[in-house]
Amino acid sequence: MKNFLNLGRQPIANAFIKEEDFDDEFFYDLVVGFDEETGLVSLAEFVPPDKIFNENYAYHTSQSFPMVQHFKDIAIQLQAEFNPQRILEIGSNDGTFLKNWPIGSATAIEPCMNFCNVTRAQGYVTYPYFWDFSLAETVANERGLVDLVYAANCICHIQDLDDAFNGVNRILKDDGIFVFEDPSLESMLDRVSYDQIYDEHAHIFSIYALSNLLKKHGLKIFRIQELDAHGGSNRIYATRDRKVEKHFRRPRIAQSVECVIERELSKCLDSMDIMLRFENQVQQSRIQLKEMLQRFEEQGKKVISIGATSKSTTVFNFCRFDSGHMQLVTDTTPDKIGLFTPGTHIPIVDRQDVNLNDYDYAFLGAWNFQKEILKKESEFVGNGGQFITHVPRVGIYENSR
Ligand code: DWN
């Protein structure tokens, strides 16, 4: 693997922090590399998983309200198309996807104890461990094999993918299907959304790289759905190579896979050149965003950020922002409110406790929910407030000019 981007000393992206813990905060070098053989983009140095995913994990899927409908829709679609009797979800968080399934038919894997207790309280059998082959063995012996393995924004968190896919192979019934969705490398490169890179995202997937990796485990991708979720994601449908025919209800399904890979390769996602170009764009993005916020600070303008996201942790620390640049960050998640942003220590407050009209600019920390946030904050724009963003380029968000 060859490293191509260094985003500097970074804290744990979701480790929102109390003031008294500032001095003991953990930092690591956030460096990204590219494997020219497989096409996989991965962190050069992985952070120990239990430093990230533990009983203090603060990200609640259901607090990003549009995701509740997102997971309901995919559950209904999978039930209608494949009618799976037994399912397993890897990374079930607060059960937003799981709750769409009968309690008896579902098993959950969730290493964060605070969330494991949530799904157990909902009645679902939940294993509080990281997904790997030995856990797959245990679950297979205790709960039997499954028709569907589902995972959202989780497979890219798993550092040892070979072991994870071995585990999927172990737990799936012979004609079972594996459906997972994760941020798209192609979208990240197209949008220069470098904030998809942080400790949790051990890998950023292209379909080209995934198909190489899954092939090693006798798994074949038979469909791709391209999603707007989380700033551009892919939903991957895979099954055992020898079973693909069964799931090809309509020939055109397969073309979604070939189309995406062809397009990725036409954009050179298999070459180091595109990664080096991205590195240059990221450096430019930082310079422009720092200049813009520096100018606002010198003009005495007040700036706030909407959404205490993992993504903004990467941006704020890469740009070395502090409460001089952004006075406050708002969020809807009770677990984050009253804490400070990792590394940059900007106070996080409840959106309800802030009058946005006291601010001149609002940074879209949760840019992946810009439609929802701009709709909610139309009064702010109406009173002359402006949204700023760095994706796909640094500037004033056109709809708030
Ligand atoms: O992959 C991951 C994705 C699923 O979520 C995880 N590794 C970590 C996390 O990343 P993130 O923190 O960047 O995710 P979101 O979903 O972009 O976070 C949105 C945040 O913004 C939440 O804390 C909720 C908050 N929010 C808000 O304050 N006002 C969200 C909406 C929609 C709002 O209107």
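Residues take their numbers from the sequence shown, with the count starting at 1. Counting convention: from 1, in listed order, for ligands and their atoms alike.
Remark: minimum distance from atom 34 (O) of ligand 1 to any protein heavy atom is reached at Lys376 NZ, 2.6 Å. Counting only heavy atoms of the protein, atom 19 (C) of ligand 1 lies nearest to Ser64 OG, 3.5 Å. For atom 25 (C) of ligand 1, the nearest protein heavy atom (residue, atom name, distance) is Asp331 OD2, 3.2 Å. The nearest protein atom to atom 3 (C) of ligand 1, hydrogens excluded, is given as His230 CE1, 3.7 Å; this is a heavy-atom distance. Atom 1 (O) of ligand 1 has as its closest protein heavy atom His201 NE2, 3.1 Å. Of all protein heavy atoms, the one closest to atom 2 (C) of ligand 1 is Tyr198 OH, 3.5 Å.
Among the atoms of Gln63, none of the N or O lies under 3.5 angstrom from an N or O of ligand 1. At least one N/O-N/O distance between Glu200 and ligand 1 falls below 3.5 Å. Residue Thr309 has no N or O atom closer than 3.5 Å to an N or O atom of ligand 1.
Among Phe369, Trp367, Phe16, the residue whose heavy atom sits closest to atom 32 (C) of ligand 1 is Phe369. The nearest non-hydrogen atom to atom 24 (C) of ligand 1, considering only Asp195, Thr332, Thr330, comes from Thr332.
Side-chain polar atoms of Glu200 and Asn14 form a donor-acceptor pair below 3.5 angstrom. Judged by distance alone, the side chains of His390 and Asp195 do bring a donor and an acceptor atom under 3.5 Å apart. Between the side chains of Thr126 and Thr119, at least one donor N or O sits under 3.5 Å from an acceptor N or O. In the model, Gln85 has a side-chain atom that pairs as donor or acceptor with a side-chain atom of Asn83 under 3.5 Å.
Short contacts between ligand 1 and His157, defined as distances under 4.0 Å to a heavy atom of the residue, involve ligand atoms 1 (O), 7 (N). Remark: ligand 1 atoms within the under-4.0 Å shell around heavy atoms of Asn153 are 1 (O), 4 (C). Remark: ligand 1 atoms within the under-4.0 Å shell around heavy atoms of Asn14 are 8 (C).
A donor-acceptor pair under 3.5 Å links the side-chain atoms of Asn100 to the main chain of Phe97, judged by distance alone.
Using a non-hydrogen distance threshold of 4.0 Å, Met67 does not register as a contact of ligand 1. Look at Lys311 and you'll find a heavy atom under 4.0 Å from some atom of ligand 1. The closest approach between a heavy atom of Tyr57 and any atom of ligand 1 is below 4.0 Å. Taking a 4.0 Å cut-off on heavy atoms, Tyr59 registers as neighbouring ligand 1. Using a 4.0 Å cutoff on heavy atoms, Thr61 does not count as a contact of ligand 1. Residue His60 places every heavy atom at 4.0 Å or more from ligand 1. Residue contact annotation: Lys336 has a non-hydrogen atom under 4.0 Å from ligand 1.
A salt bridge links Asp29 to Arg9: one of the charged nitrogens lies within less than 4.0 Å of a carboxylate oxygen.
Taking the six-membered ring for Trp and the full ring otherwise, the centers of Phe180 and Tyr237 sit at least 6.0 Å from each other. In this structure, the ring of His325 has its center no less than 6.0 angstrom from the ring center of Phe296.
By the 30° and 60° cut-offs, the orientation of the rings of Phe22 relative to His345 is parallel.
Remark: Gln299 CD is packed, more than 12 non-hydrogen atoms of other residues, nucleotides or ligands lying under 6.0 Å away. Under a cut-off of 6.0 angstrom, the local environment of CZ in Arg277 is sparse, with at most 12 non-hydrogen atoms contributed by other residues, nucleotides or ligands.
Within the 4.5 Å cutoff, side-chain heavy atoms of Leu30 are placed close to those of Thr314. Residues Thr313 and Tyr198 fail the side-chain proximity criterion, which asks for heavy atoms closer than 4.5 Å.
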